[in-house]
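What follows is a set of notes on a single structure, which appears directly below.
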Amino acid sequence: MAYWLAKSEPNVWSWENHVKKGVECWHSVRNYQASNNMKAMKLGDQAFFYHSNIGREIVGIMEVVKLYYPDHTDETGRFGMVDFKAIKSLKTPVTLAQIKAHPKLQNMALVRQSRLSVSPVTADEWAILCKLGGL
DNA sequence: GCCAACGTTGGC
DNA sequence: GCCAACGTTGGC
């Protein structure tokens with residue numbers, strides 16, 4: 001199983017929204033690298049939900065429940081999306097500041113490529129982040 | 001196919 | 001609100 005991280009601005013779509021809805025499509029990604037990362041996702045893969053801009057912290061864990069398919073909001077037909085199911089909230093959110101301060105998390109795309117909205121997470125990074133999140 | 005201009009993301 | 005980083009567009 002692979003691990004990922006997906007960003008959303010909470011004033012547009014928050015973790016609270018996602019928990020309430022249960023399953024939601026991750027639409028409106030307009031970046032090939034991010035879109036390709038979603039294309040590589042498999043059913044059962046897990047992803048962190050990160051609040052960008054406001055909050056700047058990892059708040060929850062989701063699971064891929066539908067494989068990559070065309071994004072209906074993309075008129076050009078170039079980009080796709082997956083469906084994520086909300087699984088659980090972190091007991092304590094893990095902030096970007098904590099991640100930047102942790103020596104083993106420096107290689108995360110979140111740190112090195114701040115504009116990438118969907119990025120891979122290694123198993124080691126996943127374990128560290130879960131622990132920091134109180135899970 | 002290069003590159004300047006421009007637009008967007010997201011941290012600060 | 002500013003700006004750095006970076007992706008995209010379009011003229012040549």
Side-chain angles (χ1 to χ4, degrees):
Chain A
M1 180 175 58
Y3 300 101
W4 311 90
L5 181 145
K7 299 182 186 181
S8 182
E9 294 183 40
N11 56 334
V12 177
W13 182 254
S14 71
W15 174 239
E16 290 71 27
N17 293 142
H18 208 119
V19 168
K20 208 176 201 179
K21 185 92 185 281
V23 174
E24 177 67 328
C25 58
W26 205 257
H27 63 79
S28 300
V29 170
R30 295 292 180 269
N31 171 283
Y32 285 110
Q33 217 182 328
S35 200
N36 281 334
N37 284 332
M38 288 198 286
K39 202 181 280 182
M41 290 180 188
K42 299 206 165 59
L43 294 178
D45 279 2
Q46 296 199 318
F48 285 124
F49 191 117
Y50 174 82
H51 278 165
S52 64
N53 251 313
I54 302 164
R56 270 169 264 132
E57 55 192 12
I58 295 172
V59 286
I61 293 175
M62 309 184 284
E63 184 179 319
V64 178
V65 293
K66 183 169 178 178
L67 293 175
Y68 191 81
Y69 63 107
D71 181 342
H72 57 84
T73 67
D74 175 27
E75 290 176 1
T76 70
R78 284 184 277 194
F79 299 99
M81 61 189 181
V82 297
D83 285 2
F84 284 124
K85 180 182 182 185
I87 300 294
K88 61 164 72 169
S89 302
L90 299 198
K91 288 208 178 94
T92 44
V94 179
T95 67
L96 181 64
Q98 280 179 280
I99 292 167
K100 285 191 164 175
H102 196 293
K104 289 194 172 166
L105 300 177
Q106 297 310 300
N107 285 328
M108 290 188 68
L110 185 69
V111 176
R112 308 192 81 158
Q113 233 184 311
S114 69
R115 292 184 52 203
L116 185 60
S117 63
V118 181
S119 57
V121 175
T122 67
D124 284 350
E125 290 161 352
W126 184 270
I128 292 167
L129 290 163
C130 285
K131 200 170 178 188
L132 288 173
L135 299 178

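Within every chain, numbering begins at 1; the chains are lettered A, B, ... in the order of the sequence lines, protein sequences first and strands thereafter.
Aromatic pair A:W26/A:F49: ring centres closer than 6.0 Å. A distance below 6.0 Å separates the ring centres of A:W13 and A:H18. In this structure, A:W126 has its ring center closer than 6.0 angstrom to the ring center of A:F48. A:Y32 and A:F79 have their aromatic ring centers within a separation under 6.0 angstrom.
Under 3.5 Å, the side chain of A:R30 and the base of B:dT8 form no donor-acceptor pair of N or O atoms.
Residue A:R78 contributes atom CZ, which lies 15 Å from atom P of C:dG7 at whole-angstrom precision. To the nearest angstrom, C1' of B:dG10 lies 7 Å from NZ of A:K7. For the pair A:N11 CG and B:dG11 P, the computed distance is 13 Å after rounding to whole Å. If you take CD of A:E9 and P of B:dC12, they are 15 Å apart, rounded to a whole angstrom. Computed from coordinates, the A:Y50 OH to B:dT9 P distance equals 15 Å when rounded to whole Å. Rounded to whole Å, the distance from CG on A:N31 to P on C:dG7 is 7 Å. If you take CD of A:Q33 and P of C:dT8, they are 9 Å apart, rounded to a whole angstrom. Atom CD1 of A:I54 is separated from atom P of B:dT9 by 14 Å (rounded to the nearest Å).
The residue among A:N53 and A:Q113 whose nearest nucleotide of DNA chain C is located toward the 5' end is A:N53.
Side-chain proximity of A:Y32 to the nucleotides C:dT8, B:dG11, C:dG7 is greatest for C:dT8. For A:R56, whose side chain is taken as the heavy atoms from C-beta onward, the closest listed nucleotide among C:dT8, B:dG11, C:dG7 is B:dG11.
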